[in-house]
Structure formats: C-alpha cells, structure tokens
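Start at 1 and go down the list; that is how both ligands and their atoms are numbered. Fair warning: this is a prediction, and the values are worked out from it, not measured in the lab. Residue numbers run from 1 in the order of the sequence given.
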Amino acid sequence: MTDLFEEKAEDWDRRDVVRELSEAIGSAMVEQVPFAPDMSVMDFGAGTGLITAQVAPRVGQMVGVDTSPAMLEKLAAKPELQSRVETVCQDILEQPLARTFDAIVSAMALHHVEDTERLIETFARHLKPGGWLALADLDTEDGTFHPEDVEGVYHHGFDRKALGERLERHGFEDVRFLTAHTVQREDGTYPVFLVTARKSAD
Ligand SMILES: C[S@@+](CC[C@H](N)C(=O)[O-])C[C@H]1O[C@@H](n2cnc3c(N)ncnc32)[C@H](O)[C@@H]1O
C-alpha cells in the first residue's frame with residue numbers, strides 16, 4: 001500500500017494548523033470522555049501521536065492504529081510515548097484486531113476513509129458494550145480545505161445530522177456534537193466537529 005503520508009510525516013508536528021487543531025481536539029475529547037486508568041483506548045488514524053499524547057497519560061492502555069508507517073514511526077520515536085503506546089500499522093477495516101476497547105478516538109482521519117459506513121461498523125466491532133467513541137473531523141466544506149490534486153481525500157467534511165443518524169443506525173447512543181475548533185485561513189473558514197457517542201450496552 002502506498003504511504004500517502006510519507007512526506008507529510010517529516011514536518012507534521014511543526015505545522016501550526018496541525019498543532020492548534022490537535023490541541024483543541026484533544027482538549028475537547030478530554031473534557032467530553034471520562035478517561036480513566038482502567039481504560040484501554042484506540043486512536044484510529046493516530047498519525048504522529050498528537051492526540052494519543054493527550055489521552056495516553058489518562059488511561060491504562062493506548063493503541064495507535066494507522067496505515068502510514070512513516071507517521072507511526074514518528075509516534076514511536078517520541079520518548080514520552082515509547083513505553084505507553086502500542087502501534088499497529090494495519091487497515092483494520094480489512095483486518096480487524098482480535099481485541100476490543102473501552103474507547104476509540106480519532107482526529108481528522110474519517111475523511112481519508114472512503115467507506116464511512118464500513119468504518120463505523122469497524123468502530124462498533126472494536127468497542128466493548130457501553131464503550132465511548134470520540135471522532136473529530138471537518139464539517140461539510142466546499143472542497144477547498146485540501147489542495148485539488150491531493151490523493152486519499154474521499155469526503156469534503158461531513159454533515160452532522162447524516163453522520164449522527166449513521167452512528168445511531170449502528171447502535172450508538174447519546175450522540176452529541178460540538179465545535180472543537182475552527183480553522184481560519186485566508187481562503188476560508190473550516191469548522192471542525194467533535195462527535196461523542198456510546199456503543200449500546202445491550
Ligand atoms: C490528517 S492525518 C491525522 C493524524 C492525527 N490524527 C492528527 O490529528 O495529527 C490522517 C491520518 O489517518 C491515517 N489513515 C488514513 N486512512 C487510514 C486507515 N484506513 N486506517 C488507519 N489510518 C488511516 C493517515 O495515515 C494519517 O496518519
């Protein structure tokens with residue numbers, strides 16, 4: 001599989017937009033999800049670990065899942081994450097893990113996965129009953145957030161109502177949206193939502 005983030009990995013953490021966005025999303029996740037030391041958490045599309053780093057100190061086990069070896073290499077090289085975080089370089093839509101989690105978090109990865117329906121199914125199968133889901137991504141945008149020729153972008157953001165209904169159809173309850181951050185650029189304004197939900201306990 002081509003690593004679409006190979007070049008981006010090099011300076012990912014130095015980009016102001018990325019840093020501001022991940023700080024805001026991580027803070028919102030920590031406010032909304034009651035992370036605790038007895039919890040195991042997956043960061044889906046963990047990248048270089050900017051969200052992982054904010055959640056890992058609060059929980060017992062943390063797994064960073066990503067399909068980009070270059071991004072995960074950066075995560076694994078961070079001394080504060082080395083002993084705390086397991087990395088898995090695998091497409092879990094194709095090859096699910098043989099374990100379940102108390103929570104799944106994910107930031108800005110949804111729009112890189114073509115089949116959202118299957119992704120939500122994948123999240124549901126990797127969560128324990130009552131488990132938490134916390135997903136952040138762009139609200140519906142006009143397609144200008146990424147450069148026109150970029151590969152691997154399948155969605156120009158998401159409509160909150162449609163995504164909320166999809167989550168409910170897959171057995172998620174207490175679906176709540178908030179605006180975690182707004183990216184302000186000369187060429188546009190791009191709100192980013194955080195949706196939290198819980199997998200039904202039945
Ligand atoms: C925009 S980056 C966000 C990285 C990180 N969450 C952050 O906020 O800095 C999207 C990440 O999703 C990963 N990704 C794309 N498709 C994926 C898939 N099917 N499974 C896991 N990760 C995927 C990419 O490799 C990339 O690291």
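Taking distance alone, with nitrogen or oxygen atoms compared against 3.5 Å, A107 approaches ligand 1 more closely than that limit. Between W12 and ligand 1, a contact under 3.5 Å exists for at least one N or O pair.
Counting the atoms of ligand 1 from 1 in the order shown, those under 4.0 Å from a heavy atom of M71 are 27 (O). Distances below 4.0 Å separate heavy atoms of A109 from the following atoms of ligand 1: 12 (O). Taking every heavy atom of S68 and a limit of under 4.0 angstrom, the matching atoms of ligand 1 come to 25 (O).
With a 4.0 Å heavy-atom cut-off, ligand 1 is reached by the backbone of A46 but not by any atom from C-beta on.
Counting protein heavy atoms only, atom 14 (N) of ligand 1 is closest to T67 OG1, 3.7 Å. Nearest non-hydrogen protein atom to atom 15 (C) of ligand 1 is H112 CB, 3.7 Å. The shortest contact between atom 19 (N) of ligand 1 and any protein heavy atom is with D91 OD1, 3.7 Å. Looking from atom 1 (C) of ligand 1 to the surrounding protein, the closest heavy atom is M108 O, 3.3 Å. Counting protein heavy atoms only, atom 20 (N) of ligand 1 is closest to F44 CZ, 3.2 Å.
The aromatic rings of H112 and F5 sit perpendicular to each other, their planes meeting at more than 60°, with 30° as the lower class boundary. H111 and H146 have tilted rings, their planes meeting at an angle from 30° to 60° on a 0 to 90° scale.
Linking ILVMFWY side-chain heavy atoms closer than 4.5 Å, directly or via other members, places M39 and I104 in two distinct hydrophobic clusters. Transitive grouping of hydrophobic side chains (ILVMFWY, heavy atoms separated by less than 4.5 Å) keeps L81 and V88 in distinct clusters.
Of the residues listed (V113, D66, L135), the one engaging F44 in a side chain to side chain contact (heavy atoms under 4.5 Å, CB included) is V113, and it is the only one.
Close placement of the F158 and H155 rings is indicated, their centers lying within 6.0 Å of each other.
Geometric assessment of R185 against the ring of F145 yields a positive cation-pi assignment under the 6.0 Å and 45° thresholds.
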#### Entry: Pair L50-D13, side-chain contact (heavy atoms from CB on, under 4.5 Å): steps then yes or no
CA-CA 8 Å; L50 293 174; D13 288 10; 3.7 Å; yes
### Task
Could you walk me through whether R15 and E10 pass the salt bridge (charged side-chain N to carboxylate O under 4.0 Å, His left out) test, one step at a time?
CA-CA 10 Å; R15 293 168 58 180; E10 202 39 55; over 6 Å; no
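Here the shortest heavy-atom distance to atom 6 (N) of ligand 1, taken over P69, G47, G45, belongs to G45. Comparing D3, D66, V18 by heavy-atom distance to atom 27 (O) of ligand 1, the nearest is D66.
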